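Here's the structure, in structure tokens; my notes come after.
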Protein chains: 2
Amino acid sequence: MPRPPSVTEDRLIDEATAIITRDGLRELTVGTLADALGVKAPSLYNHVSGIDDVRLQVGTATVTRLGDALTDAAMGRSGEDALYAICHAYRLFAQRNRELYPLTVASPAGRDDTFDRHAWRALRPLYAVLAACGFEEADAVHTARLIRSSLHGFVSMELAGAFGLPESVDESFDQMVGWVLSLLDA
Amino acid sequence: MPRPPSVTEDRLIDEATAIITRDGLRELTVGTLADALGVKAPSLYNHVSGIDDVRLQVGTATVTRLGDALTDAAMGRSGEDALYAICHAYRLFAQRNRELYPLTVASPAGRDDTFDRHAWRALRPLYAVLAACGFEEADAVHTARLIRSSLHGFVSMELAGAFGLPESVDESFDQMVGWVLSLLDA
DNA sequence: TCCTTAAACTAAGCTTATTAGTCATAACAT
DNA sequence: ATGTTATGACTAATAAGCTTAGTTTAAGGA
């Protein structure tokens, strides 16, 4: 029927991810992305609804990778051991994807079902640990929110350069993780 | 010597703040700000170096107001009582300034001395509580980072709509504050 | 071969940020 | 009073970004 597209969804997300990683979030534009794909800017509108859509799709792909990283970290461990690994994997992912990480927090401009589904899925290892430690439904939710808040707050402030004092940031993180682990005893 | 400016720094920041609060961060542009000030767009460059500079200055003003709110909350209280008030004042400020709050986290695009000074000043009530509770130098820094991480992480995720489940967000916050307060006993 | 269909293209609009260069004016020194 | 001058406001213009409209092209099926 139609001619084969030179732009596939995978290639689009890959190139957009590469631009953000290499040059920063602000350098992802319709123009730079079209160039990277070897196509003129308006042609992108055959594949996405706009630049916000591209960012959303990159965010979805990134939060999926984050979930994979957390799952890998928790694999084969349990309890405090697993939670410790999850915390450190979370921070490591943010550090290695400093420009992409902000896209994982939430879908800007209102709900997006696909993003939300993938974001929820990324939290499975965390909920698995809590469930295995005997946390009931609602309590698991509150505790997971606390842990996510601490982790996201820490890494986003760290990436933003909000920790200005000379004290070791690694040590601060270790101390915070220790505190998070103690939640499992309660 | 020169003629009196129709655009003062105060008015500029006030109007920019009003636009962000009323219409959202994305609506703050050189054009909308110039209109609000009754001036043509290029005239703004006699007062600021660009739109990023405007955002930075609004952020500085906002983080100062945040510090005032925290100071007011802690006034006349001490220990757990003061920290409880600080936590709730922090969240309330973010909720009442949802569009402005992201500007308080850090100066984008590298250090800005003025912003950093005001941001540091905003943390004084927190450090005061910790000092009064006997926290030593480095330990106070690590603990303050933990508390800031939890608070910032929670409110930024809440504002971003990252807590999708039906469980009460207020209850999650209360539980988190309870844990934060328990830090003072350690 | 010809038609359908989707994806590419060109052209063009509008918005935003910014720079260059000009003009107006109010405060100050004389 | 008057002229100087610094400053801020203006017009004009450019470049970049996002998007829409409308046209062309090419591959696969009839």
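Atom set for the values below is all heavy atoms of this structure, side chains included, hydrogens, waters and symmetry mates excluded. Protein chains get the first letters and strands the later ones, always in sequence-line order, with residue 1 at the start of each. A quick note: this is a predicted structure, and the numbers were derived from the prediction, not measured.
- Under a 3.5 Å cut-off, the side chain of T104(A) and the backbone N or O of Y101(A) do form a donor-acceptor pair.
- Residues from residues 6-14 of chain A placing a heavy atom under 4.0 Å of any atom in DNA chain D do not occur.
- A donor and an acceptor atom never sit less than 3.5 Å apart when one is taken from the side chain of N46(A) and the other from the base of dA6(C).
- Residue H47(B) places at least one side-chain N or O closer than 4.0 Å to OP1 or OP2 of dA9(D).
- Salt bridge present: D52(A) and R55(A) bring a charged side-chain N and a carboxylate O closer than 4.0 Å.
- Residue L44(B) is the one, among S49(A) and L44(B), whose nearest nucleotide of DNA chain D lies closer to the 5' end (criterion: closest heavy atom).
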Restricting both atoms to N or O, compile the protein contacts to nucleotides 10-17 of chain C shorter than 3.5 Å, with distance only.
from: dA17(C); atom 1: OP2; to: V30(B); atom 2: N; distance (Å): 2.6

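- With a 6.0 Å radius and a threshold of 12 heavy atoms from other residues, nucleotides or ligands, Q95(A) has its CD atom above the threshold.
- For Y127(A), the ring-ring contact (aromatic ring centres under 6.0 Å, His included) partners are W120(A), not counting sequence neighbours.
- Of the possible polar contacts, one joining the D112(A) side chain to the F115(A) backbone as a donor-acceptor pair under 3.5 Å is found.
- Ring orientation note: the planes of F163(B) and F154(B) are tilted relative to one another, at an angle of 30° to 60°.
- A donor-acceptor contact shorter than 3.5 Å links the side chain of E99(B) to the backbone of L25(B).
- The 12-atom threshold is not exceeded at CZ of R26(B), counting heavy atoms of other residues, nucleotides or ligands nearer than 6.0 Å.
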